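Written out below as structure tokens is the structure these notes cover.
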Amino acid sequence: MAGGKEIRTKIKSVRNTQKITRAMEMVATSKMRKAQDRMKAARPYGQKIRNVAAHLSKALVEYPHPYLLARENVRRVGLIVVTSDKGLCGGLNTNSLRLAVNRMKGWRDAGVETVVTAIGNKGLGFMSRNGAKVVSSAHGLGDTPHLEQLIGPIKAMVDAYIAGDVDEVHMVYTSFVNTMKQEPVCEQLLPLSGEAFGQPEHGYNWEYLYEPAAKTVIDDLMNRYLEALIYQAVAENMASEQAARMVAMKSATDNAEKVIGNLQLLYNKTRQAAITKELSEIVSGAAAV
Amino acid sequence: MAMTMHVDVVSAEELIYSGTAEFLSAPAEKGEVGILPRHAPLLTRIRPGAVRIKVANTDNEEVVLFVSGGLLEVQPHVVTILADTAIRGADIDEAKALDAKRRAEEAIRNRASAMDFALAQAELAEAIAKLGVIDKLKKRAH
């Protein structure tokens with residue numbers, strides 16, 4: 001029985017791998033639900049702040065906020081790349097990084113430099129390997145994104161924007177369409193376009209009293225709005241990550257099942273062949289006597 | 001029936017409180033403010049502190065929330081508190097920005113191998129730990 005033992009060991013090892021992938025699938029499924037809840041929980045804040053910001057930008061013509069002014073001459077662009085910290089989630093990071101690289105190539109052809117803020121380990125590793133200029137980064141965000149960890153890297157980029165080091169800021173992340181579908185998207189963050197705000201609600205009175213002063217309040221509001229947008233993207237990216245991992249691990253488990261089936265068949269065949277051979281040897285031996 | 005207003009307390013991470021109230025007090029930038037229904041529109045920053053909300057249609061029931069700063073928006077019948085989840089301040093934010101920059105530089109310096117290896121190891125350890133947990137759960141179920 002030549003290959004019998006080897007095949008058995010092989011089956012065992014595939015089965016062990018399958019156990020791992022199945023476990024990871026289950027873990028991803030439960031995490032995905034939580035991540036989705038978190039994504040939804042972040043929405044009311046985004047909406048509220050967008051409403052207020054929308055009207056402020058229209059009501060306060062005398063103080064145009066720097067975030068709202070488009071610059072004519074774009075020499076450098078900031079790109080915030082949101083990826084996952086861990087791998088084994090199918091093509092999720094590959095797809096969003098490909099989109100990022102395509103954008104960067106497009107800018108380079110137009111003579112525009114790109115600087116990168118990497119959120120998530122995979123993007124950071126990729127960008128620094130490929131020699132992109134990474135100005136700030138955040139990684140090791142865990143399963144719950146906390147705004148606290150994002151403030152630093154965002155501020156680094158926003159400061160660069162205000163100082164005029166970068167003239168536009170874009171963001172790449174994976175948007176969560178549904179469990180089976182996640183799409184990489186690239187959005188412009190700065191300058192904020194007026195349309196992004198949409199129409200403010202009717203029946204609202206927007207003649208505010210400001211305390212301490214209109215300018216400081218608006219500055220604060222705009223920063224928070226920006227952070228809320230990025231936080232939302234990170235939360236969405238995490239939901240996408242778990243969904244993608246769930247699907248990837250499911251197909252890995254299924255594949256393992258298939259491999260095990262084939263190996264089992266092979267094992268049975270070799271076993272049968274060995275038995276037949278032994279039998280024919282015995283029979284021919286008996287005939288010879 | 002007393003006049004009421006709708007109060008929403010939201011942070012970037014979650015909806016903290018939503019309901020109707022008769023009265024609300026919050027630590028505004030220039031001092032504690034008390035808001036009753038039909039207050040004039042107001043937009044202000046708030047300092048870290050307690051927000052007290054007197055819930056409508058109850059026997060003086062009060063909800064006390066701690067916010068670590070944020071913005072307070074007042075409309076005649078709607079009050080929104082955009083709460084920060086983190087303690088903020090120009091210096092703290094600045095330190096965080098520097099930290100983020102430093103991390104990026106470090107990652108570039110170390111480039112690939114060391115980080116990737118450590119990462120792979122960490123992932124493996126985590127997968128094994130999770131597997132252990134699931135095994136335990138299974139045993140308990142039987």
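Below, chains carry the letters A, B, ... as their sequence lines are ordered, and counting in each starts from 1. Note that the structure is predicted; figures quoted are calculated from it, not measured.
- The side-chain heavy atoms of A/Arg38 and B/Glu13, taken from C-beta on, include no pair separated by under 4.5 Å.
- For A/Arg76, the CZ atom counts as densely surrounded, since its 6.0 Å shell holds more than 12 non-hydrogen atoms of other residues, nucleotides or ligands.
- Note that NZ of A/Lys48 and CD1 of B/Ile81 are 12.0 Å apart. Values are rounded to the nearest 0.5 Å.
- A/Leu221 contributes atom CG, which lies 11.0 Å from atom CZ of B/Arg45 (distance to the nearest 0.5 angstrom).
- Proximity of A/Tyr45 to B/Leu82: side-chain heavy atoms (C-beta onward) are separated by under 4.5 Å at one or more points.
- Comparing B/Leu72, B/Val33, B/Leu71, B/Asp8 by heavy-atom pairs within less than 4.5 Å of chain A, the highest count is held by B/Leu71.
- With a 4.5 Å cut-off on non-hydrogen atoms, A/Ala118 does not touch chain B at all.
- When all heavy atoms are compared, the tightest approach of A/Ala42 to B/Ala12 is CB-O, 3.2 Å.
- Both the backbone and the side chain of A/Thr216 come within contact range of chain B, with heavy atoms under 4.5 Å apart.
- To the nearest 0.5 Å, atoms CD1 (A/Ile49) and CD (B/Glu73) are separated by 10.0 Å.
- Proximity to chain B (any heavy atom under 4.5 Å) is restricted, for A/Asp159, to the side chain, taken from C-beta onward.
- Per-residue heavy-atom pair counts under 4.5 Å with chain A were compared for B/Gly70, B/Ala83, B/Ser11, B/Ser18, and the maximum is reached by B/Ser11.
- Of the two parts of A/Ile154, neither the backbone nor the side chain holds a non-hydrogen atom closer than 4.5 Å to a non-hydrogen atom of chain B.
- Distance check, rounded to the nearest 0.5 Å: CD of B/Glu14 to CG of A/Asp37 gives 11.5 Å.
- The greatest number of non-hydrogen atom pairs below 4.5 Å with chain B, out of A/Ala156, A/Pro44, A/Ala41, is found for A/Ala41.
- Note: A/Arg224 CZ to B/Asp84 CG = 3.5 Å, rounded to the nearest 0.5 Å.
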